[in-house]
Engineer: 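One structure follows; several queries about it will come next.
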Amino acid sequence: MEQYSIAIDGPAGSGKSSVSKQIAKILNIVYIDTGAMYRTVGLHCLRNHINLSNTEEVEKALQNIDMEIALSEGKQTIYLNGEDVTETIRTQQAGKAASDVAVIYAVREKLVQIQRELSKGHSVIMDGRDIGTNVLPHATIKIYLNASVEERTNRRCHELMLLGKEYNKKQIEYEIIQRDENDKNRKYNPLKKAEDAIEIDSSHMNIEQTVQTILNIIKQKINV
Ligand code: CDP
Ligand code: CDP
């Protein structure tokens, strides 16, 4: 089998990372989480009290970021100036900061370059917002994974409940809508379905069903 690439795009909470990790394991290919890279830039800016709406400040901060990514067995470890931040970037604040810095061209340019480099030399499944439209425009298979705001809110609330954290459902829903707005309306490489992507609505599907649906699409196209 020749090398192939699978692009998975869609809004926050649609199931991209859970589904991509499982598919990577089943097909024994590399999983690349591009959101983690924007989160890492966001974390660095938060830690250094950078004004996220000031492009020049963020561009300056970007120069002080050395990002290293290690890929192994469907798992990605990310280092910010030598520190393993794989878990630290998983907060709501880092997600919001990621979405804020993701509007800046210089940030996208730096990260897209890293993403394309990482995709070379092996078969990959990569998830994000602009993979099918921009990072891997010639991806073998493109999926746009969607789910309703209501369902994505429920998933997030469930996650927080399992962590024993307090939450306000209305606030979570508001944050999801804001993030969608931010990601769909930015100037550079906004979130949108690539023309040749297949859209899947996972609102009424669990992770296993979504994985199976995507595997069927992959198997129709290539011999895996
Ligand atoms: O990567 P993305 O933000 O698109 O979503 P995710 O992190 O994979 O999934 C967000 C949450 O929804 C996780 O807690 C998943 O376990 C859950 N989920 C679900 O309940 N049903 C699905 N079909 C997909 C995800
Ligand atoms: O896990 P969740 O879906 O909440 O977000 P993520 O995939 O970790 O991405 C965090 C933020 O980074 C997104 O809201 C986008 O603004 C940005 N991002 C992007 O602009 N382009 C990508 N390829 C991936 C993420």
Side-chain angles (χ1 to χ4, degrees), residues 7-24 31-43 45 52 76 78 85-105 107-116 118-119 125-137 139 142-163 165 172 175-192 194 200-214:
I8 313 265
D9 291 301
S14 60
K16 299 181 299 298
S17 64
S18 319
V19 164
S20 301
K21 274 182 208 157
Q22 290 206 17
I23 295 177
Y31 165 55
I32 302 172
D33 171 3
T34 63
M37 302 176 202
Y38 291 89
R39 283 173 178 266
T40 298
V41 174
L43 176 71
C45 290
L52 298 174
Q76 171 177 299
I78 190 158
V85 292
T86 314
E87 298 304 324
T88 324
I89 55 173
R90 291 289 138 211
T91 61
Q92 194 78 355
Q93 295 97 299
K96 168 75 174 63
S99 187
D100 287 339
V101 298
V103 306
I104 297 169
Y105 185 78
V107 172
R108 305 204 68 83
E109 196 182 29
K110 175 168 173 149
L111 300 189
V112 168
Q113 197 187 345
I114 296 175
Q115 292 155 15
R116 288 189 181 139
L118 286 171
S119 74
I125 181 163
M126 188 184 279
D127 85 329
R129 302 293 188 288
D130 62 337
I131 311 307
T133 53
N134 174 48
V135 182
L136 303 176
K142 298 182 186 179
I143 304 287
Y144 187 85
L145 190 57
N146 216 340
S148 65
V149 170
E150 190 192 3
E151 178 57 26
R152 291 186 283 130
T153 303
N154 288 339
R155 289 175 187 173
R156 180 76 193 136
C157 291
H158 185 71
E159 248 176 22
L160 293 168
M161 190 198 71
L162 291 180
L163 291 170
K165 291 195 178 152
I172 301 279
E175 284 169 4
I176 286 181
I177 293 170
Q178 285 296 110
R179 187 105 81 87
D180 285 358
E181 288 273 302
N182 223 10
D183 288 348
K184 287 178 179 169
N185 295 312
R186 66 171 173 241
K187 187 170 169 194
Y188 306 109
N189 308 121
L191 167 65
K192 73 166 194 245
I200 297 173
D201 183 346
S202 78
S203 304
H204 305 291
M205 287 166 138
N206 62 28
I207 294 171
E208 281 64 38
Q209 288 167 327
T210 316
V211 166
Q212 272 315 318
T213 305
I214 297 177

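All of these numbers come straight from a predicted model, not from anything done at the bench. Both ligands and their constituent atoms are indexed starting at 1 by order of listing.
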Engineer: In the protein, which heavy atom is nearest to atom 11 (C) of ligand 2, and how far is it?
Structural biologist: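 The closest heavy atom on the protein side is Ala98 CB, 3.7 Å.
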
Engineer: How far is atom 21 (N) of ligand 2 from its nearest protein heavy atom, and which residue and atom is that?
Structural biologist: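 Checked against all protein heavy atoms, atom 21 (N) of ligand 2 sits closest to Arg108 NH2, 3.1 Å.
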
Engineer: Under a 4.0 Å N-O cut-off, is there an ion pair linking Glu159 with Arg156?
Structural biologist: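 A salt bridge is present here (some side-chain N lies under 4.0 Å from a carboxylate O).
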
Engineer: Tell me whether Gln115 has any N or O atom under 3.5 angstrom from an N or O of ligand 2.
Structural biologist: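 Min N/O separation from ligand 2 is not below 3.5 Å for Gln115.
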
Engineer: Check this for me - ligand 2, Asp33, N or O atoms closer than 3.5 angstrom, yes or no?
Structural biologist: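 So ligand 2 has no N or O lying under 3.5 Å from an N or O of Asp33.
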
Engineer: With heavy atoms under 4.0 Å as the rule, classify the contact between Lys16 and ligand 2 as side chain, backbone, both or neither.
Structural biologist: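 It is the side chain that touches ligand 2; the backbone stays farther off.
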
Engineer: When you measure from the side chain of Arg116 to the backbone of Leu136, do you find a donor-acceptor pair of N or O atoms at a distance under 3.5 Å?
Structural biologist: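 Not confirmed, Arg116 side chain does not pair with Leu136 backbone.
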
Engineer: For atom 24 (C) of ligand 2, what's the nearest protein heavy atom and its distance?
Structural biologist: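 The closest heavy atom on the protein side is Thr34 OG1, 3.3 Å.
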
Engineer: May I ask you to list the atoms of ligand 2 that are less than 4.0 angstrom from any heavy atom of Asp183?
Structural biologist: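 With Asp183 as reference, the close atoms of ligand 2 come out as 13 (C), 14 (O), 15 (C), 16 (O).
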
Engineer: Among Gly10, Gly13, Cys157, Ser18, which residue places a heavy atom closest to atom 8 (O) of ligand 1?
Structural biologist: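 Heavy atom nearest to atom 8 (O) of ligand 1 belongs to Ser18.
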
Engineer: Counting non-hydrogen protein atoms only, what is the nearest one to atom 10 (C) of ligand 2? Give residue, atom name and distance.
Structural biologist: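 For this ligand atom, the closest protein heavy atom is Arg179 NH1, 3.6 Å.
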
Engineer: Just need the protein heavy atom nearest to atom 7 (O) of ligand 1, so name the residue and atom and give the distance.
Structural biologist: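 Nearest protein contact, heavy atoms only, for atom 7 (O) of ligand 1 is Ser17 OG, 3.2 Å.
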
Engineer: What residue and heavy atom of the protein are closest to atom 12 (O) of ligand 2, and at what distance?
Structural biologist: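 Going by distance alone, atom 12 (O) of ligand 2 is nearest to Tyr38 CB, 3.5 Å.
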
Engineer: Counting N and O atoms only, with roles assigned by atom type, does the side chain of Arg39 sit under 3.5 Å from a partner on the main chain of Thr91, one being a donor and the other an acceptor?
Structural biologist: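 Flag set: sc Arg39 to bb Thr91 pair under 3.5 Å.
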
Engineer: Please indicate whether any nitrogen or oxygen in Ser14 is less than 3.5 Å from any nitrogen or oxygen in ligand 1.
Structural biologist: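 Yes, since at least one N or O of Ser14 sits under 3.5 Å from an N or O of ligand 1.
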
Engineer: Would you check whether Gly35 reaches within less than 4.0 Å of ligand 1, judged by its heavy atoms?
Structural biologist: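 It does not; every heavy atom stays at 4.0 Å or beyond.
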
Engineer: Does some non-hydrogen atom of Arg186 fall short of 4.0 Å from ligand 2?
Structural biologist: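 For ligand 2, residue contact (heavy atoms, under 4.0 Å) with Arg186 is present.
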
Engineer: Which of the numbered atoms in ligand 2 are below 4.0 angstrom from a heavy atom of Ala102?
Structural biologist: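 Close to Ala102: 16 (O), 17 (C), 20 (O).
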
Engineer: Give me the residue, atom name and distance of the protein heavy atom closest to atom 1 (O) of ligand 2.
Structural biologist: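 Here the nearest protein heavy atom works out to Arg39 NH2, 3.4 Å.
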
Engineer: Ignoring angles and geometry beyond distance, decide whether Ala12 reaches within less than 3.5 Å of ligand 1 through its nitrogen or oxygen atoms.
Structural biologist: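 N/O-N/O distance under 3.5 Å: no.
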
Engineer: With heavy atoms under 4.0 Å as the rule, classify the contact between Gln209 and ligand 1 as side chain, backbone, both or neither.
Structural biologist: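 For Gln209, no heavy atom sits under 4.0 Å from ligand 1.
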
Engineer: Distance under 4.0 Å to a non-hydrogen atom of Gly15: what atoms of ligand 1 satisfy this?
Structural biologist: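 Once the distances to Gly15 are compared, the set is 2 (P), 4 (O), 5 (O), 6 (P), 8 (O), 9 (O), 24 (C), 25 (C).
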
Engineer: Can you name the nearest heavy-atom pair linking Ala139 to Ala7, along with the distance?
Structural biologist: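 Scanning both residues, the minimum pair turns out to be CB-CB, 4.0 Å.
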
